[in-house]
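Quick notes on the structure that follows.
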Amino acid sequence: MLGRISLVINDKQVISVPVGDEINIGRDTENSFQITDPKVSRFHCRITKAGSHFVIKDLDSSNGTFVNGAPVKESRLLNGDWIRLGATALLFEVETDEDTREGPAEGREAILDGATAIDGSLKMKDLTDFYHTGISLRDFRKILEKLSTLFEIGNIINVHRESSSLLNAILDQIVRVIKADRYYLLLREEKTGELEPAATFPVYEGPGPLPGVSKTIMDTVFTEGKSILSSDAFHDNRFQGAKSIVMYDIQTIMCVPLRSHEKILGVIHVDSRDPKTIFTKDDLKLLTAIGISSGIAIENLHLYEDLKRLFRSTVKSLVAALEANDPYTGGHSVRVADYSRQLAECLGLPSQEVEKIELAAFLHDIGKIGIPQDVLNKPDSFDTCEFEMMRDHPAIGYKILSEIEGMEEIARMVRHHHERFDGRGYPDGLAGANIPLGSRIMGAADAFDAMTTDRPYRKRLSVEEAYKEIARLEGTQFDPEIVDVLKRCMIRLSLKMG
């Protein structure tokens, strides 16, 4: 079996690399396959040969490794899978000599072995009857791919909670099953009413309208909600006079609506300049079905994002009300949330984890609602009793938040944000990795903001002075890894403070 990775750089050039027993992919020159994409980690992922199939493993990259739109840590690769690293897409192909042979009895076993490599759930006995039905194994594989794609699109909303990630995942699925030169997913922009590119492959960064695409056709599909197929665009009366068809030598086109229930959100457009590529009615049916599944997924995500914005707005209002009576700590929680988010991003944590840490940081002082106002606003040092009151606020915050369904992880981060790396913190005296990562991040962000803002008992420190103080406490109060990340974020934080 010969494996080949093809890197589609743009719509004209493809670089193919043979796969041996192992291939390392990343930005560093030491990799066997170097990608100069700033969003790709120095050592991003590895593909290894395991028997008759291949396995891809993410090497703790900053932005993750995606196969057909889904994030993976380690996953088996199938023929035709699309791998996305940063903004770069890789097509994984597996060829066997047997793939070109069909029908003869003596070739069946080899062909079926190839099929098993494509889908490990297929058994040789399950496919025997296809030699008596007139359906070739190659056609059967295509049917399986189409069903798999529809299934994946129906489920990716459960994986993706961010618009661009979802849209790119949908596009990856389309690229997987429909052979074309260009793939465009456009959404209606609410303010202008115009169709704007939301995800494209190859990546189009504008400005201006998409080159070589008929705006009239897309507007018609969007307005009327009907799919359009042209197997011969140059001689199609619907495209007569369309300069884009002539200029870009477009041979075949499909355009379908992105439909959710009774609402049309946008369109999917694919085309090809290859005379050997001709879109069929079956292709159109598949793309139309993808348009419906994708439209529902996109609308569901929009509803989720609306709820998330409402929730965040409510949280901010609650925190603002809590801090309103203290001129010195006003805006503290918002800043701590901002710093915590930046630190989490610098650590390369997944976006969902970053969001949880940011939310916990917004709420890290919510327990102060149980502390008397005269203690909170005291201009000088606390006495022993008052200090013990203040030490209670993480536990109070935990009690408040843990009563809310779904907030258990947030509550734990809030409870432990005053723990110390050496175990001498409160309320539970946790140490090292036993302290939740979000709490360790929030602890550093909390201290950083306290040092760089004016307080009744002292003037604020500069960003550099605050960092030196935190670095002095590395390994005792603060996690060394977080201190190192804080140093890397210094420039960004300095700009924020300015």
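Everything quoted here is computed from the prediction, not taken from an experiment.
- For the pair Ile83/Phe66, no side-chain contact is recorded, criterion being any heavy-atom separation below 4.5 Å from C-beta on.
- With 3.5 Å as the limit, one finds a donor-acceptor pair spanning the side chains of His416 and Glu419.
- In this structure, the separation between CZ on Arg46 and OG1 on Thr65 is 11.5 Å, given to the nearest 0.5 Å.
- Looking at Ser439, its side chain does come within 3.5 Å of a backbone N or O of Met413 through a donor-acceptor pair.
- Looking only at side-chain heavy atoms (C-beta outward), Val221 and Met218 stay at 4.5 Å or farther from each other.
- Scanning all heavy atoms of the two residues, the minimum distance from Glu353 to Leu349 falls at CG-CD1, 4.2 Å.
- Between Arg412 and Glu408, none of the side-chain N atoms (NZ, or NE/NH1/NH2) sits under 4.0 Å from a carboxylate O, so this pair counts as no salt bridge.
- Under a 4.0 Å N-O distance rule, the pair Lys215/Glu194 qualifies as a salt bridge.
- Contact check for Val55 versus Leu77: no side-chain heavy atoms found under the 4.5 Å cut-off.
- Ring to ring, Phe421 and Phe478 are not that close: their centroids are 6.0 angstrom or more apart.
- When atom types are taken as modelled, the side chain of Thr476 and the backbone of Leu473 share a donor-acceptor pair closer than 3.5 angstrom.
- Distance check: Asn300 CG to Leu166 CG gives 9.5 Å after rounding to the nearest 0.5 Å.
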Practice task
Carefully, step by step, assess Asp271 and His269 under the rule side chain to side chain donor-acceptor pair (under 3.5 Å).
Solution key: CA-CA 7 Å; Asp271 62 41; His269 173 101; 2.9 Å; yes

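- Salt bridge present: Asp428 and Arg415 bring a charged side-chain N and a carboxylate O closer than 4.0 Å.
- A donor-acceptor pair under 3.5 Å is absent between the side-chain atoms of Asn31 and the main chain of Phe33, judged by distance alone.
- Within the 3.5 Å criterion, the main-chain N or O of Gly64 finds a donor-acceptor partner in the side chain of His44.
- Atom OH of Tyr183 sits about 8.0 Å away from atom OG of Ser272, to the nearest 0.5 Å.
- The two residues Asp181 and Arg273 come nearest to each other via the heavy atoms OD2-N, 2.6 Å.
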Practice task
Determine, stepwise, if the pair Glu74 / Ile56 fulfils side-chain contact (heavy atoms from CB on, under 4.5 Å).
Solution key: CA-CA 6 Å; Glu74 186 168 348; Ile56 185 167; over 6 Å; no

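- Atom-to-atom distance recorded for Glu196:CD and Glu190:CD is 12.0 Å, nearest 0.5 angstrom.
- In this structure the side chain of Leu186 never reaches within 4.5 angstrom of the side chain of Ile268, judged on heavy atoms.
- A side-chain donor from one of Thr288 and Ser227 sits under 3.5 Å from a side-chain acceptor of the other.
- In terms of heavy-atom proximity, Leu167 sits nearest to Ala198 at CD1-CB, 3.6 Å.
- Side chain of Arg188 to backbone of Leu195: no donor-acceptor contact under 3.5 angstrom is found.
- Looking only at side-chain heavy atoms (C-beta outward), Ile290 and Ile174 come within less than 4.5 Å of each other.
- Using a 4.0 Å cut-off between charged nitrogen and carboxylate oxygen, Arg341 and Asp338 count as a salt-bridge pair.
- Arg84 and Asp172 are joined by a salt bridge, as a carboxylate oxygen and a charged side-chain nitrogen come within less than 4.0 angstrom of each other.
- When all heavy atoms of Leu258 and Gly295 are compared, the pair lying nearest together is CD2-N, 3.9 Å.
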Problem - Pair Lys263-Glu299, side-chain contact (heavy atoms from CB on, under 4.5 Å): steps then yes or no - result: CA-CA 9 Å; Lys263 184 179 181 181; Glu299 185 173 49; 4.0 Å; yes

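- Once rounded to the nearest 0.5 Å, the distance linking CZ of Arg420 with CG of Leu430 reads 13.5 Å.
- Considering CG of Leu171 and OG of Ser294, their distance stands at 9.5 Å, rounded to 0.5 Å.
- Looking at Thr200, its side chain never comes within 3.5 Å of a backbone N or O of Tyr184 through a donor-acceptor pair.
- Taking a cutoff of 4.0 Å between a charged side-chain nitrogen and a carboxylate oxygen, Glu22 and Lys49 do not qualify as a salt bridge.
- In this structure, Thr252 contributes its side chain and Ser230 its backbone to a donor-acceptor pair below 3.5 Å.
- The heavy-atom pair separating Ser32 from Ile23 by the smallest distance is OG-CG1, 3.2 Å.
- Checked options Ile170, Val270, Asn168; the residue passing with Leu185 is Ile170 (criterion: side chain to side chain contact (heavy atoms under 4.5 Å, CB included)).
- With Arg259 contributing its side chain and Gly225 its backbone, the two residues share a donor-acceptor pair below 3.5 Å.
- In terms of modelled atom types and a separation under 3.5 Å, the side chain of Ser41 and the main chain of Ser62 share a donor-acceptor contact.
- Proximity of Ile228 to Met254: side-chain heavy atoms (C-beta onward) are nowhere separated by under 4.5 Å.
- Looking at heavy atoms from C-beta onward, Leu363 lies in side-chain contact with Met407 at the 4.5 angstrom threshold.
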Handout entry: Stepwise side-chain contact (heavy atoms from CB on, under 4.5 Å) check, Glu474 with Ile470
Key = CA-CA 6 Å; Glu474 176 183 336; Ile470 289 174; over 6 Å; no

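- Across every non-hydrogen atom of Ile357 and Met442, the tightest pair is O-SD, 4.3 Å.
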Exercise for the section: Just do the side-chain contact (heavy atoms from CB on, under 4.5 Å) check on Tyr339 and Asp446 with the steps written out, would you? Expected result: CA-CA 8 Å; Tyr339 298 153; Asp446 189 18; over 6 Å; no

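- You'll find the side chain of Leu85 reaches within 4.5 Å of the side chain of Ile35, heavy atoms only.
- Counting only distance, with no hydrogens or angles, the side chain of Gln34 and the backbone of Arg27 share a donor-acceptor pair below 3.5 Å.
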